[in-house]
Engineer: 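Mind having a look at this structure? Questions to follow.
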Amino acid sequence: MRVLFLTPLVLLAACSGEKPPAPAPSTNAPVAAPMPPEPPVQTPVTAREVHEKNELYEFDYSYPAVAGAVPELKALLDKELEEARRELKVQATEGRKAAKESGFPYHPYTHTVEWKVVTDLPAWLSLSTVVGFYSGGAHPNYVYDTVLWDRIAAKRRAPVDLFTSKEALRGAIRARFCEELDRQRARKRSGSGMGDIPEFSDCIDPTEQTVILGSSNGKAFDRIGILVAPYAAGPYAEGDYEVTLPVTQKVLDAVRPEFKAAFVAR
């Protein structure tokens, strides 16, 4: 015979007709896992943009966030910004003084730089800009500039320095450059020609212009841009010229051995 042992509380409840009390919650009940901590707030790297306008001058300078994310490059661009602003202020002050002494109206000087990304590669960052300026002449003018940033060496390089020499690069691209330049000249001039002005009809040295390196695949440089400012290949009214050439085997042969991995032929 099986004997059933009851606790005093159960016996008491049975005698009184009351239900036994519910058992106390177990201390071994699973505990909810704590919520993971919130990730730290990431402060985005913003591009720098400076705009100043007063009676003396108008100054604009900006660069993209990808450039500002590289400390050494940011420091270089910030230094260039301050130097350009300081030089503009000096020139504008002298220009206003000269205009007043000569009895001419003074028109504020201007300086504009807007760096833009040409190519962003794992080991390289290529930027270009139009540097616009006005310093009291008949009209404003502009030139081009470029920054080629070597991420591995953490330094700025001139695009032509990636080649064995200017002569080697010139020999590799000159024929195709001249052909494309003449094609663009003919289109702008509608066949009128500029034979009476040799410097506007002869070919120019592409390596003496602003050379930029670009990429269509995001992995390596496969094209070369030649940016030609006004007056270099034609009159001011024609504006600038932009010639883009593919990286060919002939171009690859002109690249310095230590930089060949950065290029690919198209």
Engineer: With sequence neighbours left out, write down each residue that passes side-chain contact (heavy atoms from CB on, under 4.5 Å) with Q249, or none if nothing qualifies.
Structural biologist: L252, D253

Engineer: Is there side-chain contact between K74 and Y63, with heavy atoms separated by less than 4.5 Å?
Structural biologist: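 Yes - at least one pair of side-chain heavy atoms lies under 4.5 Å apart.
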
Engineer: Does the side chain of E80 come under 3.5 Å of the side chain of Y61 through a donor N or O and an acceptor N or O?
Structural biologist: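 A pair is found: one side chain offers a donor N or O, the other an acceptor, under 3.5 Å apart.
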
Engineer: Roughly how far apart are K188 NZ and E238 CD, rounded to 0.5 Å?
Structural biologist: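 Taking NZ in K188 and CD in E238, the distance rounds to 6.5 Å.
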
Engineer: So, for A220 and V264, which heavy atoms are closest and what is the spacing to 0.1 Å?
Structural biologist: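 Shortest heavy-atom contact: CB-CG1, 3.9 Å.
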
Engineer: Do Y109 and Q91 have side-chain atoms, one donor and one acceptor, less than 3.5 Å apart?
Structural biologist: no

Engineer: Please report the interatomic distance CG(D205) to CZ(R174), rounded to the nearest 0.5 Å.
Structural biologist: 6.0 Å

Engineer: Which residue pairs pass the salt bridge (charged side-chain N to carboxylate O under 4.0 Å, His left out) test when at least one of the two sits in residues 255-266, sequence neighbours left out?
Structural biologist: R256-E258

Engineer: Ion pair present between E208 and K166, side-chain N to carboxylate O less than 4.0 angstrom?
Structural biologist: yes

Engineer: Is it true that S216 and D222 share a donor-acceptor pair across their side chains at a distance under 3.5 Å?
Structural biologist: yes

Engineer: Is it the case that the side chains of Y142 and D240 hold a donor-acceptor pair, with the cut-off being a distance below 3.5 Å and no angle test?
Structural biologist: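 Side chains of D240 and Y142: pair found under 3.5 Å.
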
Engineer: Is the shortest side-chain heavy-atom distance between L125 and R151 below 4.5 Å?
Structural biologist: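 They are in side-chain contact.
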
Engineer: Is the F263-F163 ring centre distance short of 6.0 angstrom?
Structural biologist: yes

Engineer: Per the disulfide bond (SG atoms under 2.5 Å apart) rule, what does the pair list look like for residues 230-266, sequence neighbours excluded?
Structural biologist: none

Engineer: Below 4.5 Å, heavy atoms only, C-beta onward: do L81 and R48 meet side chain to side chain?
Structural biologist: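 Yes, side chains in contact.
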
